[in-house]
Amino acid sequence: MKKFRMPSAFSILFLIIIIIAILTWIVPAGTYDYVDDTAASLEPIPGTYTQTAQNPQGLWEVLRAPIEGFFNATEIIVFILVIGGFLGLVTDTGAIDAGIGSIVKRFSGRETLMIPILMCVFALGGTIFGMWEETIAFYILVIPVFVAAGFDSITGFAVICLGAGVGCLGSTINPFATGIASGFAGISIGEGIVLRVMILAACLLLAIWYVMSYAKKVKADPSKSLVYNMKESNEAHFLSQKGTSAEGLSTKQKAVLWIFGLSFFIMVLGVIPWADKFGITIFEDFNNWILGIPGLGTVLGKITPLGSWWFGDITILFLIASFLCGLIWRWKELKFIELFLNGAKDLLGVALIIGITRGIAVVMNDGGMTATVLHLGEESLKSMGSLAFADLSYLFFLLLSFLVPSTSGLAALSMPIMAPIAEFAGVGRELVVTAFAGASGVVNLITPTSGVLMGALAIARVSYGVYLKWVWKFVLMLFVLVLVILSAAAIL
């Protein structure tokens with residue numbers, strides 16, 4: 001009997017489209033009155049649901065749904081491809097690798113202090129741009145350093161895995177999780193950022209404490225290591241590798257890192273509705289001042305004021321950042337285009353998944369199912385309250401994350417349904433987005449369907465069973481911590 005293999009995200013999502021299409025023959029169709037029928041994100045008016053004639057979806061509609069899904073999500077898809085090209089350029093410079101390598105070299109002999117520093121660095125990568133697949137190269141660099149310092153391979157592995165994993169869990173501005181989820185929820189990526197920063201800080205402190213407690217125990221008594229039986233073979237294996245050297249940052253690499261960090265910083269300023277949330281109009285005033293300079297306003301054109309950016313504006317930002325990196329690194333034109341296209345190609349799968357998942361909403365909408373599902377949610381959530389809804393949303397996303405391993409796919413699949421239901425429960429859509437990010441981040445740390453997790457464990461020479469034995473307490477604490485913060489946010 002052949003070993004069962006989990007189907008790809010593409011197959012799972014297309015199967016869901018077929019199932020939804022079948023349900024349109026069974027589930028009654030309906031519609032709502034909306035606050036604004038012309039808005040990008042339709043906000044249903046509670047209590048206005050009416051049943052309509054059945055509109056079952058057939059084979060042609062099933063095949064057409066993903067195509068329409070692409071047209072409905074063009075802004076998000078173009079943004080993903082452009083930021084993929086930008087990351088491809090930055091990766092080719094080796095700036096990020098050299099930056100982390102420089103930290104490793106600087107703290108040689110003080111590896112215990114290096115644990116919180118490196119975990120913060122990887123967490124920043126996770127929360128800013130969803131650094132996860134990109135961590136694979138660092139395991140070969142970091143693990144030998146910790147083994148040589150008297151720790152074990154689990155310590156080196158955990159510094160990267162839990163650091164980046166917690167960063168992805170607390171995705172403040174991660175475009176591939178929070179960005180996509182916010183887009184499909186019809187809100188700005190800046191909505192809920194304060195709550196996500198709180199979750200990131202709390203979870204990162206917990207992760208650092210957990211890893212440092214284990215590391216100090218192993219340092220004091222190597223027999224406490226969960227891989228103590230492999231101590232000699234691990235030392236022979238890792239300390240014979242030549243991947244532990246780390247060169248310093250060149251001037252051009254430092255410049256690229258500045259462009260990288262500044263781009264995401266400007267994105268934060270651009271997407272947070274400062275005037276609406278905090279009454280701050282300095283960004284709009286600054287924008288008007290720039291455009292008011294004689295001649296400059298004509299050259300620059302009509303720039304969208306900071307605080308009201310959407311995906312089109314953010315895409316332009318990273319396109320400009322890509323050009324600046326090109327000027328700094330001085331690639332030839334053909335090389336620049338090749339690197340940019342290769343980076344975009346790496347995220348083409350994400351773009352395709354978004355189109356397919358958007359097709360699910362197309363079938364539901366055309367079949368009149370969406371309004372019926374919302375009506376069922378409205379009726380069941382009337383007496384539930386915001387606290388129960390926030391907690392159940394978190395649990396729902398935990399279960400769904402195992403079925404749909406793709407974070408971006410899960411965001412596009414769930415947000416068109418969950419975000420409007422939140423309105424009926426008196427919960428802000430940003431809380432649903434945060435619950436989604438937290439749940440998928442927790443699952444990401446333990447799911448065996450993650451190629452990155454299983455590949456990293458292979459590099460560290462740690463079995464999946466041993467890893468679960470070590471990490472399960474931390475994951476449980478993480479689950480409870482996020483649940484408590486979400487509950488408090490729902491109440492407040």
Side-chain angles (χ1 to χ4, degrees), residues 97 100-101 103-123 125-126 131-132 134-167 203-246 444-448 450-478:
D97 290 20
I100 294 177
I103 294 173
V104 171
K105 184 177 181 180
R106 182 169 298 180
F107 285 89
S108 178
R110 294 175 291 167
E111 285 77 8
T112 302
L113 183 59
M114 195 165 65
I115 291 175
I117 293 174
L118 280 181
M119 290 187 74
C120 287
V121 170
F122 285 112
M131 186 182 195
W132 187 241
E134 298 85 354
T135 60
I136 284 292
F138 295 110
Y139 289 97
I140 300 172
L141 171 68
V142 172
I143 291 175
V145 174
F146 282 97
V147 171
F151 301 103
D152 63 359
S153 59
I154 292 179
T155 303
F157 166 86
V159 165
I160 303 172
C161 181
L162 298 195
V166 165
C203 293
L204 182 56
L205 286 173
L206 176 63
I208 291 173
W209 167 79
Y210 194 80
V211 174
M212 290 194 72
S213 297
Y214 175 78
K216 289 179 179 179
K217 185 170 62 175
V218 170
K219 180 80 169 179
D221 183 0
S223 66
K224 298 292 185 181
S225 168
L226 292 180
V227 289
Y228 178 69
N229 62 315
M230 300 176 63
K231 186 177 186 298
E232 292 184 5
S233 62
N234 276 346
E235 289 175 351
H237 174 77
F238 289 114
L239 301 185
S240 65
Q241 295 184 11
K242 299 180 180 180
T244 58
S245 63
N444 210 35
L445 290 172
I446 56 174
T447 177
S450 170
V452 176
L453 175 61
M454 302 308 288
L457 285 171
I459 293 173
R461 307 181 82 201
V462 177
S463 71
Y464 181 64
V466 169
Y467 171 67
L468 285 183
K469 182 180 179 181
W470 177 78
V471 83
W472 75 267
K473 292 180 182 177
F474 170 72
V475 172
L476 181 60
M477 289 187 286
L478 206 62

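Fair warning: this is a prediction, and the values are worked out from it, not measured in the lab.
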If I take atom [atom1] from residue [X] and atom [atom2] from residue [Y], how far apart are they, to the nearest 0.5 angstrom?
{"X": "Phe146", "Y": "Ile160", "atom1": "CZ", "atom2": "CD1", "answer": "8.5 Å"}
{"X": "Cys161", "Y": "Ile154", "atom1": "SG", "atom2": "CD1", "answer": "11.5 Å"}
{"X": "Thr447", "Y": "Asn444", "atom1": "OG1", "atom2": "CG", "answer": "8.0 Å"}
{"X": "Met454", "Y": "Ile459", "atom1": "CE", "atom2": "CD1", "answer": "12.5 Å"}
{"X": "Asn234", "Y": "Ile143", "atom1": "CG", "atom2": "CD1", "answer": "9.0 Å"}
{"X": "Ile208", "Y": "Cys120", "atom1": "CD1", "atom2": "SG", "answer": "4.0 Å"}

[X] vs [Y] side-chain heavy atoms within contact, under 4.5 Å:
{"X": "Lys231", "Y": "Pro222", "result": "yes"}
{"X": "Tyr214", "Y": "Lys224", "result": "no"}
{"X": "Thr112", "Y": "Met212", "result": "yes"}
{"X": "Val145", "Y": "Met114", "result": "yes"}
{"X": "Val227", "Y": "Ser153", "result": "yes"}

Give me the atom names and distance for the closest heavy-atom approach of Met119 to Leu162.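 Reported closest heavy-atom pair: CE-CB, 4.0 Å.
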
Shortest non-hydrogen separation from Val218 to Ser225 and the atoms involved: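 For Val218 and Ser225, the tightest heavy-atom pair comes out as CG2-CA, 3.9 Å.
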
Donor-acceptor contact present, side-chain [X] to main-chain [Y], <3.5 Å:
{"X": "Tyr464", "Y": "Ile446", "result": "yes"}
{"X": "Thr155", "Y": "Phe151", "result": "no"}
{"X": "Ser233", "Y": "Met230", "result": "yes"}

Check the pair Leu206, Met477 against side-chain contact (heavy atoms from CB on, under 4.5 Å), reporting the backbone distance first and the verdict last. CA-CA 8 Å; Leu206 176 63; Met477 289 187 286; 3.9 Å; yes

Under 3.5 Å, which donor-acceptor pairs do the side chains of residues 465-475 form with other protein atoms, sequence neighbours left out?
from   : atom 1 : to     : atom 2 : distance (Å)
Tyr467 : OH     : Leu445 : O      : 2.8

No-hydrogen, no-angle side-chain donor-acceptor test under 3.5 Å, Asp152 and Tyr228: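 Short answer, no.
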
